[in-house]
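For reference, the structure is listed below as structure tokens.
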Amino acid sequence: MEVSKNFDFTAAEAKWYRHWLQNKYFESTPDEREPYTVVIPPPNVTGILHMGHCLNNTIQDILVRRARMMGKNACWVPGTDHASIATEAKVVQMLRERGIQKASLSRDEFLQYAWEWKEKYGGIILQQLKKLGCSLDWNRTSFTMDPDYYKSVIYVFNDLYSKGYIYRGKRMINWDPRAKTALSDEEVIFKEVQGKLYFLRYQLEDSNGTLIPLEQESITIATVRPETILGDAAIAVNPDDERYKHLIGCHAIVPLINRRIPIIADDYVATDFGSGALKITPAHDMNDNQIGKKHNLDVFDVLNEDGTMSLDAQLYVGMDRFDARKEIVVALKDAGHVVKIEDYTHQVGFSERTDVVVEPRLSLQWWVDMKKISSPALSAVKDGEINFHPAKFKNLYRHWMENIKDWCISRQLWWGHQIPAWYDAEGRFVVAMDESDAKKKFSENFGITNPSLKQDEDCLDTWFSSWLWPFEVFKGISNPGNKDVAYYYPTNSLVTAPEIIFFWVARMIMAGYEYTGKKPFSDVYFTGIVRDSQGRKMSKQLGNSPDLLGMIDDIGADAVRFGILIASPAGNDLLWDKASNEQGRNFINKIWNALKLIQLWKERAKENLSVEESTLTTNWPHDWFESRLREVSTEVDVLMDHFKLSEALKTLYTLIWDDFCSWYLEWIKPGFEKPIDAKHLEKAIVFFELLMEKLHPFLPFVTEEVYHLLRDKQEVDICVKQVDPTFKFRESDRIILNQAEILKSAITAIRDARVKSGIKNKEGIAVFGTVKDKEVWTSIQELLCKQVNAISFEYTNDPIQDTIQLVIGGDRFYLKSDQEIDTSAQRKELEAEISYYQGFLDSVEKKLSNERFVQNAKPEVVELERKKQADAMEKIKMLQESIANLG
RNA sequence: GGAACAUUAGCUCAGUUGGUUUAGAGCAUUACUUUGACAGAGUAGGGGUCACUGGUUCGAGCCCAGUAUGUUCCA
């Protein structure tokens, strides 16, 4: 069959993905086989494919394809999560473009637009995964707001509430004034900001309650947020601070609004920061809030939910917080309260979603009491029931779980699962499955029949639905005990990013034990973070994320998969560079060229070659390559079992490029325009097929294409081919593998000598050997001669004059050619070798002359050193003789 | 401020319980080769006080302590 010059990945990728889908290879239903289940970490429904997804999903696809080929019933479940904040932002933006204000819509109207948006643009990412070759069971595509899934989330809320694990409480939270929503700590990004530190002096009262003139004595505080002084409730000083000891118990006056506030003592205050006096603003700072609670201070909430100043501020009411800051500084200056203003660099929290400065704010929120459900999840990882790869994340997990904090699960958004709490006009509430259930509970709890109820406006944190993912994709809650969940759950491997170990992984483990009594998965593989070649995280702002789909179009999905994986050492961040794609493309090109060679041979294959036609009389190359293939298969299995995917791919890369192409194919290659023995060709094809089989999980498209081109008719597709589990390394393989090492080093050494002596490739040489083990050399001499263009190979006991002398292993060789031998170059070469071995020998002898070493070291270690010594001495002796022979 | 992890060739990394040929791989680099599957190639080479300082040991890239630097997480 005619084969194109290069692999046409565009055509092959489309063809094979369609073919695999048509044959339903990715679809799974429960049967008698062992399942292998992976659930995809659901990407945002708003998302588009980026490098992180590429890495993550390539890894999952490799695991799943490998399991499928190993005879397991592989099931990889796709889906998306509704990403409440991100999606709502997109919808609001769409509405704005149409000139619609969100505030002008009812909740139902807004949700209609949101669903419209989701149907139209949502889930593009799933289509993109097909381009990457992902073998997902598309029939099982799930969404966290599917009707059953939605109901399960509501059920879980009810259940946890009835168990007393969910409570409602006023707490200091991170508030996003643009999205008008609470954020979890994890959604706040701290950035270094150039700000100002304002030193402000407050007027004091003396112990009799008389105002002291500002010029006479005052107390100076330092703040970066002068507008919040309107919410001051106290000034705190360190009890040991001599400067302020006399003021403790006195009062100060908040400038501009003349509020009288106490001066209190608290050892939280650092004496060496700012002025040593700390203003306490309980409504607007996490630490101040705690101090406020401790000292029973009043709370003045001076900000509205949109970040403007509130009525309680008394001044600048309705003005944005940053404008108010500018104005109040002017007013304070005018009133003589500003002592100095310094430049100050500090960490400020920004909203991950809207990038506005986050406000610490008091708010009534729903919380999960995490301590009540975390303990099985902690011990599961500690005891190794769930294994983390790499294991270092175990520590991190343990630390977080042991210091776990309550989880704020309410979000001030409409897109998501609406909190199932109903209130009456007097603020009484019940948690229920739906409104009629709520009415029933109102009558039970409060004796009220047919109350007028209003459901909580807020919806739940997205993670509160995605923590059910591993079992609810199989309807484990909505249809408990069904045949799918019984078969596929617990799942096998989860592949995700370490960034969401707490957001998601830990919570899935908790939910798994809480709702199924079982772990959700056995292994968690944490990928690295994809960074650019300068080590920066990829981000939209930096514009350093490559266009993944464009890359797939340019270079092919296989090359992209290779590129990302080869750069991805287990558990480390990876510095991704476009060059690694090219390495992938080159590798595919290499495979393609090997295919072309095989096709060329097919045209010239013959049975029963005559002696003149035959250029290979031994089966040694086939025996060797089989042993080598067995060895590597076993190595790769071990690496894969330890999730060392990058190394497994490197191992296969070397096997194909070096062992198969550079050695094996060269060894069996017929002479120029000579025929090849059909039985040799058949062997090569079988090996090529096995190589494609091993490589298929990594590079699915090119392997399927090559596999089908190797024979006119393949019985099965490689995608679903079952590997032979008995094809493994055997102890007996060692002999021939060792012989091959000797052969390779002999070829390399002789080629090197030829180059150094300027012997042209075309010029034949005669090889003479003085060897210890003739049997070994006899089995490989045909190949040796072929590879170094030797016209003869003879054994000799005596030195041969006027030859190039080599010591290979413990054997001596003489190369004879018509070329004149440059003895001085030879001598230099040999002397360099001697000095290397002499240095080596010295270090060994130093050890052996140390009596304590000989006494204390294990006998086999001493024995080994003696052998090293003997080997080195013999080598040196042979090299010296070679020099002597040069004359 | 606290904690975890890391530091090995120009870059990215291996290096399994301390001894296995005076440290290995890929990429990059240098020289040479070139009508024969493949220049997207082949052959050969150069390149490292294993961050630093001590300690344990007959013996340390590996174990221990400290220092420095970096990354991440938590305050």
Side-chain angles (χ1 to χ4, degrees), chain A residues 3 5-6 185-186 190 270 286-287 347 390-400 403 405 498-499 501-502 528-529 531 533-535 537 555 559 566-577 579-580 582-601 638-639 642 644 646-647 649-651 653-654 657-658 661-662 665-666 669-674 747-749 751-756 758 760-761 835-844 846-858 860-865 867-869 871-872 875:
Chain A
V3 173
K5 183 169 184 293
N6 293 107
D185 291 348
E186 288 82 359
F190 284 90
M286 304 270 179
N287 295 312
Q347 299 279 317
K392 66 178 176 184
F393 289 109
K394 217 168 142 170
N395 278 337
L396 187 67
Y397 179 85
R398 202 194 59 222
H399 188 256
W400 189 78
N403 300 287
K405 291 180 201 143
E499 299 159 302
I501 183 170
F502 308 128
I529 297 165
R531 297 169 182 278
S533 53
Q534 293 164 51
K537 262 184 161 177
I555 204 164
I566 206 75
S568 171
N572 286 344
D573 287 357
L574 56 122
L575 304 187
W576 185 86
D577 192 19
S580 57
E582 281 155 27
Q583 198 186 342
R585 179 201 57 193
N586 293 356
F587 180 45
I588 289 161
N589 186 244
K590 188 75 185 175
I591 294 169
W592 197 253
N593 276 301
L595 172 72
K596 274 157 66 181
L597 180 64
I598 296 283
Q599 303 297 65
L600 200 71
W601 288 352
V638 171
L639 290 170
H642 291 91
K644 296 193 169 177
S646 188
E647 281 183 57
L649 178 57
K650 271 179 201 153
T651 305
Y653 175 85
T654 307
W657 199 303
D658 294 345
C661 295
S662 298
L665 291 179
E666 291 299 332
K669 187 187 256 181
F672 184 49
E673 297 200 326
K674 289 229 172 128
I747 293 170
T748 303
R751 280 181 181 165
D752 191 29
R754 288 183 60 123
V755 170
K756 284 188 172 128
K760 291 239 162 7
N761 284 351
S835 95
Y836 171 86
Y837 282 104
Q838 193 60 56
F840 174 66
L841 182 62
D842 289 348
S843 79
V844 173
K846 210 170 114 196
K847 257 190 222 176
L848 284 169
S849 63
N850 182 339
E851 267 179 51
R852 284 187 298 181
F853 169 72
V854 180
Q855 279 167 12
N856 293 330
K858 280 180 275 177
E860 57 266 35
V861 172
V862 177
E863 198 43 52
L864 188 72
E865 291 301 316
K867 187 169 183 310
K868 284 198 227 169
Q869 181 190 30
D871 287 353
K875 187 91 182 182

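Naming: A, B, ... by sequence-line order, numbering from 1 per chain.
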Checklist entry - If you measure from the P atom in rC11(B) to the same atom in rA51(B), how many Å do you get, rounded? => result 14 Å
Checklist outcome for this item: Correct closest heavy-atom pair for Cys661(A) and Ala594(A) would be SG-CB, 4.0 Å
Checklist entry - At what distance, to the nearest 0.5 angstrom, does CZ of Arg585(A) lie from OG of Ser580(A)? => result 12.0 Å
Checklist entry - Taking for each residue the nucleotide of RNA chain B bearing the nearest heavy atom, is the 5' side occupied by Lys5(A) or by Ala872(A)? => result Ala872(A)
Item to check | Interatomic distance, Trp657(A) atom CH2 to Tyr653(A) atom OH [nearest 0.5 angstrom] | outcome: 4.5 Å
Checklist entry - Does Lys644(A) put a side-chain nitrogen or oxygen below 4.0 Å from OP1 or OP2 of rG15(B)? => result yes
Checklist entry - Can you tell which of rU20(B), rC58(B), rG40(B) lies closest to the side chain of Lys847(A)? => result rU20(B)
Checklist outcome for this item: Heavy-atom closest pair (Phe853(A) atom, Glu865(A) atom, distance to 0.1 Å) is CZ-CG, 3.7 Å
Do any N or O atoms of the protein come closer than 3.5 Å to N or O atoms of nucleotides 3-8 of chain B, and which pairs are they?
none

Checklist entry - On a whole-Å scale, what distance lies between the C1' atoms belonging to rA14(B) and rU7(B)? => result 15 Å
Next on the checklist: In whole Å, measure the gap between the C1' atoms of rG48(B) and rC13(B) for me.
Outcome noted: 14 Å
Item to check | Salt-bridge present (Lys875(A), Asp871(A); N to O < 4.0 Å) | outcome: no
Next on the checklist: For the C1' atoms, the ones on rU8(B) and on rA25(B), what distance do you get once it is rounded to whole angstrom?
Outcome noted: 13 Å
Checklist entry - Checking all strands, does Ala567(A) fall into the base, sugar-phosphate, or nothing category for heavy-atom contacts under 4.0 angstrom? => result nothing
Could you go through nucleotides 41-50 of chain B and list every protein N or O atom that sits under 3.5 Å from one of its N or O atoms, giving the distance for each pair?
| unit_1 | atom_1 | unit_2 | atom_2 | d |
| --- | --- | --- | --- | --- |
| rG42(B) | OP1 | Trp657(A) | NE1 | 2.7 |

Checklist entry - What nucleotide, of rA37(B), rC27(B), rA14(B), holds the atom closest to the side chain of Leu665(A)? => result rA37(B)
Checklist entry - Should Lys868(A) be listed as having a side-chain N or O under 4.0 Å from OP1 or OP2 of rU20(B)? => result yes
Item to check | Structure string for RNA chain B in dot-bracket form, Watson-Crick and G-U at under 3.5 Å, | interchain | outcome: (((((((..((((.....[....)))).(((((.......))))).....(((((..]....)))))))))))).
Checklist entry - Can you find a donor-acceptor N/O pair under 3.5 angstrom joining the side chain of Glu666(A) to the base of rA37(B)? => result yes
Checklist entry - Where does the angle between the aromatic ring planes of Phe840(A) and Tyr837(A) fall among parallel (under 30°), tilted (30 to 60°) and perpendicular (over 60°)? => result perpendicular
Item to check | Length of the line joining Glu499(A):CD and rC73(B):P, which is rounded to integer Å | outcome: 8 Å
Checklist entry - When you check the phosphate oxygens OP1 and OP2 of rC74(B), does a side-chain N or O of Tyr397(A) lie under 4.0 Å from one of them? => result no
Item to check | Test item: side-chain donor near acceptor, Asn593(A) and Lys596(A), under 3.5 Å | outcome: yes
Next on the checklist: To the closest 0.5 Å, what do you measure between CD (Glu582(A)) and CG (Asn589(A))?
Outcome noted: 12.5 Å
Checklist entry - Just checking Asp842(A): base, sugar-phosphate only, or nothing, at a heavy-atom cut-off of under 4.0 Å? => result nothing
Item to check | Length of the CZ-P vector between Arg852(A) and rU57(B), whole Å | outcome: 9 Å
Item to check | Reported CD-to-CG distance for the pair Gln583(A) and Asp577(A), which is rounded to 0.5 angstrom | outcome: 11.0 Å
Item to check | N/O (side chain, Asn856(A)) to phosphate O (OP1/OP2, rC58(B)) under 4.0 Å | outcome: yes
Checklist entry - Given atom CG of Asp577(A) and atom C1' of rG26(B), what is their separation to the nearest angstrom? => result 14 Å
Item to check | Inter-nucleotide C1' distance (rC38(B), rG15(B)), Å rounded | outcome: 33 Å
Item to check | Rounded C1' spacing from rC74(B) to rA28(B) in Å | outcome: 39 Å
Next on the checklist: Does Tyr653(A) reach a base, just sugar-phosphate, or nothing at all? Heavy atoms under 4.0 Å.
Outcome noted: sugar-phosphate
Checklist entry - Are the charged groups of Glu666(A) and Lys669(A) less than 4.0 angstrom apart, N to O? => result yes
Checklist outcome for this item: To the nearest 0.5 Å, atom CG of Leu841(A) lies from atom OG of Ser835(A) at 12.5 Å
Item to check | CD/Gln855(A): more than 12 non-hydrogen atoms of other groups inside 6.0 Å | outcome: yes
Next on the checklist: To check you understand the geometry: which heavy-atom pair defines the closest contact between Trp592(A) and Asn6(A), and what is its length?
Outcome noted: NE1-C, 3.3 Å
Next on the checklist: Using whole Å, what does the distance between atom P of nucleotide rU20(B) and atom NZ of Lys858(A) come to?
Outcome noted: 12 Å
Item to check | Most 5' of Ile566(A) and Arg585(A) on RNA chain B, judged by nearest nucleotide | outcome: Ile566(A)
Checklist entry - Taking atom CD1 of Ile598(A) and atom CG of Leu665(A), what is their separation to the nearest 0.5 Å? => result 5.5 Å
Checklist entry - Which nucleotide sits closest to the side chain of Ala857(A): rG19(B), rA37(B), rG26(B)? => result rG19(B)
Next on the checklist: Rounding to an integer number of angstrom, what distance separates rG24(B) and rG47(B) when you compare their P atoms?
Outcome noted: 14 Å
Checklist entry - Roughly how many Å is it from CD in Glu865(A) to C1' in rU21(B), rounded to a whole number? => result 9 Å
Checklist outcome for this item: When rounded to whole Å, the CD1 to C1' distance for the pair Ile588(A) and rG40(B) reads 12 Å
Item to check | Whole-Å gap separating C1' (rU21(B)) and CG (Leu864(A)) | outcome: 9 Å
Item to check | Spacing between Asn850(A) atom CG and rG19(B) atom C1', to the nearest angstrom | outcome: 13 Å
Next on the checklist: Between Lys669(A) and rA37(B), is there a contact of a side-chain N or O with OP1 or OP2 at under 4.0 Å?
Outcome noted: yes
Item to check | Distance between C1' atoms of rA68(B) and rC52(B) (Å, rounded) | outcome: 7 Å
